[in-house]
Amino acid sequence: MSDRKYFGTDGIRGKVGENLINPEFVMKLGWAAGKVLAGSGTNKVIIGKDTRISGYMLESALESGLSAAGINIGLLGPMPTPAIAYLTKTFRSEAGIVISASHNPYYDNGIKFFSADGTKLDDDIELAIEAEMDKPMQCVASDKLGKAVRIADAAGRYIEFCKGNFPSNLSLKGLKIVVDCAHGATYHIAPNVLSELGAEVIEIGTEPDGLNINRKVGATSMKAIVDSVIKNKADLGFALDGDGDRIMLVDHHGNVIDGDQIVYIIARDALKSGKLNGGVVGTVMSNLGLEVALSTLGVPFERSKVGDRYVLELLRQKGWSIGGEGSGHVLNLDAASTGDGIVAGLQVLAAMINANMTLNELSRGMTKFPQTLINVRFNEGDTPLSAEAVNNSVLEAESALGERGRVLLRKSGTEPLIRVMVEANDAADSRKWAEHIADAVRKATGQ
């Protein structure tokens with residue numbers, strides 16, 4: 001991604017009002033995207049957003065830019081990111097645009113694009129949009145301007161899509177489920193999906209006010225849902241993030257079930273039903289316990305770089321369907337073209353019913369290895385990863401751990417940090433070797 005001026009691994013993101021996320025830039029972005037997309041197919045783009053207060057402003061700016069380029073716009077209102085991916089295909093649109101900063105606080109926002117087939121834009125299209133950004137903005141003739149319409153039934157369409165990913169011969173009747181929507185884009189979707197499938201639903205995080213998205217609720221702040229599951233004696237809890245593309249679960253004992261465990265449960269169920277397509281993709285940060293558990297089942301496992309974009313790329317290369325990250329991004333390309341928190345949760349529920357097991361019992365098939373992560377700051381120009389002492393410390397740790405552990409060192413993509421991660425079947429060993437390597441990194445940076 002180093003050749004990009006604006007696009008990162010997940011669209012364009014930043015603090016509202018600063019360099020990129022302001023009305024002037026976003027209007028120009030809409031125009032540039034419109035110029036690249038204009039003249040083919042339906043000449044229409046749909047726009048969805050999460051519940052941040054800045055979404056209104058950025059939606060209007062995008063609408064203006066797209067219209068100036070002659071693109072027609074369908075406005076979806078607050079909708080989960082995976083819903084925009086699905087609806088882009090449904091409406092035969094040239095692209096779908098999401099206004100969201102996912103799990104970030106309300107004062108951040110971002111712009112993400114989906115292609116006509118509901119996947120992230122190809123690199124060449126993103127580069128073409130960036131090239132247009134460097135040109136003076138012009139407006140098409142008045143009779144060529146794009147028109148904007150509100151799509152009133154978007155939520156209902158997506159609810160039916162989600163329900164369609166749950167086996168028609170199964171029901172959630174008798175299950176009590178806490179659903180935490182992080183005051184985000186799933187607030188009017190997830191509770192309806194679960195209740196219409198028969199569950200008794202207890203809602204939290206479903207009262208967005210524009211400022212409370214992801215605040216002490218949702219997939220990145222699990223205390224609220226853990227407390228609610230225990231208090232209400234629920235069978236399990238669904239915790240989604242602000243834009244609904246990631247999910248974490250809670251079992252009836254209050255244990256958090258993360259993305260790695262969710263991937264394992266879905267893959268094992270697919271294997272048992274004869275529907276597993278090849279193997280599973282995780283990332284370099286996926287817990288070693290996932291790899292070991294899948295190996296026990298005879299399921300191949302590959303690791304990509306961190307980011308659901310890279311998980312998706314490797315799935316396509318391998319021709320596989322299931323992958324994800326510990327943070328809760330879970331992909332099953334047989335069901336959806338992108339990570340979808342609600343759909344992933346429904347697949348776990350189907351696995352529970354098929355196996356006649358609780359979520360706690362299902363998750364026992366994978367034992368998570370204790371993981372220690374230490375961030376070490378380094379100075380501009382330093383290259384600690386090439387230092388002989390650092391490499392020797394890694395070799396020493398790997399030799400001591402053998403097949404009982406794993407070492408990973410990587411540079412942060414956003415800060416001058418070296419991330420030292422050590423997994424081991426023993427928590428003390430994990431901490432001991434992580435500290436050993438971190439000390440070597442610190443000395444290599446003069447700390």
- Query: With a 3.5 Å cut-off and no angle check, do the side chains of E207 and H183 form a donor-acceptor pair?
  - Reply: no

- Are E435 and R431 within salt-bridge range, i.e. N to O under 4.0 Å? yes

- Mark yes or no for whether S115, through its side chain, and L121, through its backbone, hold a donor-acceptor pair below 3.5 Å. no

- Task: Apply the test side chain to side chain contact (heavy atoms under 4.5 Å, CB included) to residues R52 and S100: give CA-CA distance (whole Å), side-chain angles for both, the deciding distance (0.1 Å), then the verdict.
- Result: CA-CA 8 Å; R52 292 161 214 270; S100 175; 4.3 Å; yes

- Task: Considering only NZ, NE, NH1 and NH2 on the basic side and carboxylate oxygens on the acidic side, decide whether E126 and K120 come within less than 4.0 Å.
- Result: no

- Item | side chain to side chain contact (heavy atoms under 4.5 Å, CB included) evaluation trace for I322 with V263 | CA-CA 7 Å; I322 296 173; V263 166; 4.2 Å; yes

- Task: Quick one: closest heavy-atom pair of D50 and S102, and the distance?
- Result: OD2-N, 4.3 Å

- Before giving the answer on side chain to side chain contact (heavy atoms under 4.5 Å, CB included), spell out for L297 and R268 the whole-Å C-alpha distance, their side-chain angles and the decisive distance to 0.1 Å. CA-CA 8 Å; L297 298 175; R268 185 176 64 174; 3.9 Å; yes

- Cation over ring face, K15 and Y107, 6.0 Å, 45°: yes

- Task: Kindly give the heavy-atom pair with the smallest separation between M285 and R406, and that separation in Å.
- Result: C-NH2, 4.0 Å

- Query: V179 and side chain to side chain contact (heavy atoms under 4.5 Å, CB included): which partner among T206, L194, I342?
  - Reply: L194

- Which atom pair, heavy atoms only, marks the closest approach of T51 to P78? CG2-CB, 4.4 Å

- Are a donor atom and an acceptor atom from the side chains of N332 and S321 found within less than 3.5 Å of each other? no

- Message: Can you confirm whether L127 is buried at CG, in the sense that more than 12 heavy atoms of other residues, nucleotides or ligands lie under 6.0 Å from that atom?
- Response: yes

- Query: Would D134 and K5 pass as an ion pair if we require N to O under 4.0 Å?
  - Reply: yes

- Query: Thinking salt bridges, do K49 and E59 make one under a 4.0 Å N-O criterion?
  - Reply: yes

- Query: Do you know which two heavy atoms are closest between L76 and G48, and how far apart they sit?
  - Reply: CB-CA, 4.2 Å

- N214 and N104: CA distance, side-chain angles, deciding distance, side chain to side chain contact (heavy atoms under 4.5 Å, CB included) verdict: CA-CA 7 Å; N214 299 313; N104 286 22; 5.5 Å; no

- Task: Locate the shortest heavy-atom distance separating G278 from V299; write the atom from each residue and the value.
- Result: O-CG1, 4.4 Å

- Query: Distance only, no hydrogens: is a donor on one side chain within 3.5 Å (strictly under) of an acceptor on the other, for T81 and D245?
  - Reply: no

- Task: Report the residues that fulfil ring pair (Phe, Tyr, Trp, His ring centres under 6.0 Å) with Y158, sequence neighbours left out, ordered by chain and then residue number.
- Result: F161

- Backbone N/O of N287 and side chain of K368: donor-acceptor pair under 3.5 Å: no

- Residue pairs passing the salt bridge (charged side-chain N to carboxylate O under 4.0 Å, His left out) test where at least one lies in residues 214-224, sequence neighbours excluded: K223-D227

- Item | Residues K163 and E160 bridged, charged N to O under 4.0 Å | yes

- Note on the structure: When every non-hydrogen atom of P191 is compared with those of C181, the smallest separation belongs to CD-SG, 3.9 Å

- Query: Which residue, V16, I99, D108, forms the side chain to side chain contact (heavy atoms under 4.5 Å, CB included) with I21?
  - Reply: V16

- Message: With salt bridge (Lys or Arg N to Asp or Glu O under 4.0 Å) as the criterion, how do R316 and E313 come out once you've worked through the C-alpha distance, each side chain's angles and the decisive distance to 0.1 Å?
- Response: CA-CA 5 Å; R316 286 177 176 167; E313 286 178 2; over 6 Å; no

- Ion pair K432/D426, N-O distance below 4.0 Å: no

- Out of R442, K443, H436, which residue meets the side chain to side chain donor-acceptor pair (under 3.5 Å) rule with D439? R442

- Task: Give a yes or no on whether the backbone of G307 and the side-chain of E325 come within a donor-acceptor separation of less than 3.5 Å.
- Result: yes

- Is a donor on one side and an acceptor on the other found under 3.5 Å between the side chain of N109 and the backbone of Y106? no

- Is R13 reaching over with its side chain to a backbone N or O of K112, donor-acceptor style, under 3.5 angstrom? no

